Amino acid sequence: MAHTELHDIAEALVADGKGILAADESSGTIKKRFDTIGLESTEETRRAYRDLLFTTPGAEEYISGVILYDETIHQNALDGTPFPKLLEAKGVIPGIKVDLGAKPLALADGETVTEGLDGLRDRLKAYHGLGARFAKWRATYTITDELPSQYCIWTNAHALARYAALCQEAGIVPIVEPEVLQDGTHSIERSYHVTSHVLAALYTELFDQRVDLAGTLLKPNMVLSGYEASNRAGVEEVADWTLKCFYKHVPAAVPGIVFLSGGQSDEDATAHLNAINARGPHPWQISFSYGRALQAPALKAWGGKPDQVEAGQRAYYHRAKMNSAARTGLWAPELEREAVAV
Ligand code: 13P
């Protein structure tokens, strides 16, 4: 198949040493994040926070793309430059979250299906006009002894593939994000088993719906012990189980796997990514598309105070740099203690 623009975009998003900033928190989620620093969530505080992240000097050395929320893609920097244009000028690719959230799945107690397909073709066209060149759709699955059901797994896989096909038709690279939530007391083996089923269904649907895998990226969970489990697996075991799962279920045509952080501490998310890459080379680029693990220290350092913007930017730059190092397998805990100076 000829090399297309979609392939170029997907490859640029996982260029050497670079990863993606997920800054697409919905209004509900960003309110929760701001609550942790006692800041009211208003259109202006949300704008100011995204402005801090996007204008961080030098972050573009480590950040290839940023996922925006609908409100954010329409907002401007203080000088009036639209955020997508500001990012483009730094060589950072603007992306957009297009799903409308996980909603209760009918007749499936405790499970969800992600909505947002109605009208998606028109929304993608509009987002492309605003500069978006990649998109994200997140499905979620809960692990218990019985869940997720096959019904939940296949319904979400079908929707993810419909979204991906519509994106490619619009000239937008779809990031497919099937997130197996790692809350609970499950073992790492159980996480492996569930993640395997989810990925097997996803790649069946993507194939059936004619999606060109070389113009997609996968954004999965890492395979972890449940956050409330006793005897949680260590870093090397996480790398073992995660790679075992992806080698079995992710076709080599996929250019990149960009992990979500999913509630891991920022340093755990970096250490796991590093251990996975230290065992490379792999058939795909393995990178990050972190939300909390890139932003948490920045949010805390900023605290909503205009005179702390630079402190917030230094914290964000540092996490971006640490995760860039983890792409090569050359990150080490000692690097964390180096001066957090830009
Ligand atoms: P976290 O890294 O905080 O899990 O966020 C990534 C994301 O985009 C979730 O959809």
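This structure is a prediction, so every number in the text was calculated from the model and none was measured. Computed from heavy atoms alone, side chains included, the values below leave out hydrogens, waters and symmetry copies. Note that ligands are numbered from 1 as they come in the structure, with each ligand's atoms numbered from 1 the same way.
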- Item | Among Thr242, Leu224, Val223, side-chain contact (heavy atoms from CB on, under 4.5 Å) partner for His272 |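 Answer to the side-chain contact (heavy atoms from CB on, under 4.5 Å) test with His272 among Thr242, Leu224, Val223: Leu224.
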- Task: Please determine, by modelled atom types, if Gln313 and Thr55 share a side-chain donor-acceptor pair under 3.5 angstrom.
- Result: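 Side chains of Gln313 and Thr55: pair found under 3.5 Å.
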- Query: Under 3.5 Å, is there a donor-acceptor pair between the Ser41 and Arg46 side chains?
  - Reply: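 Indeed, the side chains of Ser41 and Arg46 share at least one donor-acceptor pair under 3.5 Å.
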- Would you indicate which of Lys219, Arg292, Gln295, Glu25 comes nearest to atom 8 (O) of ligand 1 when only heavy atoms are counted?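 Nearest heavy atom to atom 8 (O) of ligand 1 lies in Lys219.
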- Would you say Gly262 contacts ligand 1, with heavy atoms under 4.0 Å as the rule?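 It does; at least one heavy atom falls under 4.0 Å.
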- Residue-ligand contact Lys97/ligand 1, heavy atom below 4.0 Å: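 Outside the 4.0 Å threshold, so no.
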What protein heavy atom lies closest to [atom]? Include the residue and the distance to one decimal.
{"atom": "atom 9 (C) of ligand 1", "value": "Glu177 OE2, 3.2 Å"}
{"atom": "atom 10 (O) of ligand 1", "value": "Lys136 NZ, 2.5 Å"}
{"atom": "atom 1 (P) of ligand 1", "value": "Ser261 OG, 3.3 Å"}
{"atom": "atom 5 (O) of ligand 1", "value": "Gly291 N, 3.5 Å"}

- Query: Which one holds for Ser289 and ligand 1: side chain close, backbone close, both close, or neither close, with close meaning a heavy atom under 4.0 Å?
  - Reply: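 Under 4.0 Å from ligand 1, Ser289 contributes backbone atoms alone.
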- Among Arg50, Arg292, Lys97, which residue meets the salt bridge (Lys or Arg N to Asp or Glu O under 4.0 Å) test with Glu25?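 Filter result, single survivor: Arg50.
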